[in-house]
Amino acid sequence: MQLIASEKVQSMATSIFTELANKKRQAINKGVDVIDLSVGSPDMAPPDYVVDTLVKYSQDTTRYGYTLKGLDEFHQAVQYFYKKRYDVDINSDDEVLQLMGSQDGLAHLATAIIDPGDYVLVPDPGYPIYEHGVTIAGGSIYPMPLLEDNDFLPKLDEIPVHILEKTKMMIISYPGNPVTALASKGFFEEVVEFAKKHQILVVHDFAYSELIWDGRPSLSFMSVEGAKDVGIEFNSLSKTFNMAGCRIGYAVGNKEALKVLATFKSNIDYGIFYPIQMAAVAALTSDFQVLDEQVKEYEKRRDALLAGLEKAGWKVEKSPATMFVWAKIPAGWSSREFAFALIEKAGVAVVPGDAFGAQGEGYVRMAIVQPSEKLTQAAERIRLFLNTNQPSK
Ligand SMILES: Cc1ncc(COP(=O)(O)O)c(C=O)c1O
């Protein structure tokens, strides 16, 4: 039998990521020791009390059934976390929806809300599932360019009216991936007003809510007046508590939107393993001391990488947040040519910016998921590479 993937799956084939994975494999097969800065999976451990809780409940054999949905304890823990961390009031009864990672929500929300012919505004560059979720739903994309000259914020007044008439949802993410910029309260207020005027559901992806550096505050979209009327916010334990493999996250905010997503999800999954939910409760209700230590570690890593790159003559803007550095590449290279040459000739894997959308051209994304010594070593390899390699044109 010759099986041909559906048109939707074919349109999703992320050729750059596939090509990148192939290049990495080829380099490793040739004996190159690749320092991998391409994947944003946290390398640090979850807090001890999270692991202890997971172990404790895993030993209880009565806890292996379907949970079907988020436990009340989990909903209340999210309510506690939002009050403590962002001074936002969330009703644990109907303003929280548990998710199998924020990816679960991002992948399924459009199917729950969008019909063919509806438009979704997505950031360009942006995290790929934003677009794929809309593709799964059969909706249409309008990319909002995130450019340095506008502080990586979309220009809402430049979106054509004929698109806005058909737009049902918009996705934003501050700090985001790959663009690590932060948004101001003023921008979020503008988004609320824009969404009310055009009757658009706002989706704020806040997966990196606690990885914000240099003493800057973390700003929840939900902290802006009127946000709950028009929007929801995805958050996750993956990056904040290094629980990415546990697959647990949540959405908060507009209860009608959450109800629609919950209805869709109730048809496709049966809830998260009880011990994981209880481990998440332990994380969300802790004293959060580990978060400060983690931020310091990421700052140290970013500074080590940037200092090394500066020695290489490559001056890169300081990322304010996340676990990434979004770096404008040296002149003359295309993103892909530069990233692929780095793997082959320097043994450093980074993601070419155009993997995240057309506006990512001219950038690469580096994940600082290695200790600072390794990042210094990566920067030194890049220095040697830049000394001996020129762009092809
Ligand atoms: C911007 C962004 N949103 C969402 C996710 C999904 O995270 P999770 O499903 O683990 O919560 C990621 C993962 O890398 C991400 O970078």
Side-chain angles (χ1 to χ4, degrees), residues 14 17 20 36-44 46 50 70 74 78 81 96-110 120 122-134 136 144 146 152 154 169-183 202-212 218-221 231-253 261 265 268-269 272-273 276-277 279-280 283-284 298 319-326 350-351 353 355-357 360 363-369:
T14 48
F17 285 105
L20 186 70
D36 195 352
L37 310 183
S38 67
V39 184
S41 186
D43 63 314
M44 290 185 240
V50 167
F74 178 84
V78 170
F81 186 77
V96 180
L97 175 67
Q98 187 178 71
L99 300 167
M100 294 179 163
S102 47
Q103 189 87 354
D104 171 15
L106 289 163
H108 295 130
L109 181 64
V120 179
V122 298
D124 175 10
Y127 183 56
I129 193 63
Y130 303 157
E131 188 171 333
H132 295 334
V134 180
I136 296 168
M144 301 182 289
L146 304 188
F152 298 105
M169 187 165 108
M170 76 184 286
I171 305 177
I172 52 174
S173 180
Y174 292 96
N177 169 15
V179 172
T180 61
L182 298 168
V202 180
V203 177
H204 183 232
D205 179 2
F206 205 26
Y208 296 93
S209 60
E210 305 305 317
L211 304 192
I212 299 182
S218 180
L219 187 65
S220 162
F221 179 64
I232 62 171
E233 181 161 87
F234 286 119
N235 210 324
S236 172
L237 286 95
S238 294
K239 321 285 168 158
T240 300
F241 297 104
N242 299 316
M243 293 171 68
C246 292
R247 310 309 302 131
I248 186 159
Y250 54 94
V252 295
L261 181 55
K265 270 177 58 63
I268 56 172
D269 71 59
I272 296 174
F273 188 35
I276 291 178
Q277 294 207 36
L284 292 167
Y298 277 119
S319 287
T322 75
M323 50 172 56
F324 304 109
V325 168
W326 182 235
V350 301
V351 182
F356 303 98
Y363 287 83
V364 290
R365 190 198 74 178
M366 298 186 252
I368 49 174
V369 290

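From a predicted model like this one, the values you see are computed outputs, not experimental measurements. Whatever order the structure lists them in is the order used to number ligands and atoms, beginning at 1.
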Can [X] be said to touch ligand 1, with heavy atoms closer than 4.0 Å?
X	answer
K239	yes
I248	no
Y208	yes

Requested in this report: Decide if the gap between the ring center of Y208 and the ring center of F324 is smaller than 6.0 angstrom.
Outcome: yes
Requested in this report: Search all heavy atoms of W326 against all heavy atoms of V179 and return the closest pair with its distance.
Outcome: NE1-CG2, 3.6 Å
With heavy-atom distances below 4.0 Å as the criterion, list the atoms of ligand 1 near [X].
X	result
S236	8 (P), 11 (O)
N177	1 (C), 15 (C), 16 (O)
S238	8 (P), 10 (O), 11 (O)
R247	8 (P), 9 (O), 10 (O)
D205	1 (C), 2 (C), 3 (N), 4 (C)
A207	2 (C), 3 (N), 4 (C)

Query - Identified side-chain contact (heavy atoms from CB on, under 4.5 Å) partner of Y130 from the options V203, L109, V120, I171 - result: I171
**Report entry** D104-ligand 1 polar pair, N/O distance under 3.5 Å
**Finding:** no
Query raised in the report: Considering only heavy atoms, does S102 approach ligand 1 within less than 4.0 Å through its side chain, its backbone, both, or neither?
Result: both
Query raised in the report: Which part of I129 is near ligand 1, with near meaning a heavy atom under 4.0 Å away: side chain, backbone, both or neither?
Result: neither
Query raised in the report: Mind checking whether H204 and F221 have parallel, tilted or perpendicular rings, split at 30° and 60°?
Result: tilted
Requested in this report: Report the C-alpha separation of L146 and F356 in whole Å, then their side-chain angles, then the decisive distance to 0.1 Å, and conclude whether the side chain to side chain contact (heavy atoms under 4.5 Å, CB included) test is met.
Outcome: CA-CA 11 Å; L146 304 188; F356 303 98; over 6 Å; no
Using atom types as modelled and distance alone, determine if a side-chain donor or acceptor of [X] lies under 3.5 Å from a backbone N or O of [Y].
X	Y	value
S218	S209	yes
E131	V122	no
R365	S38	yes

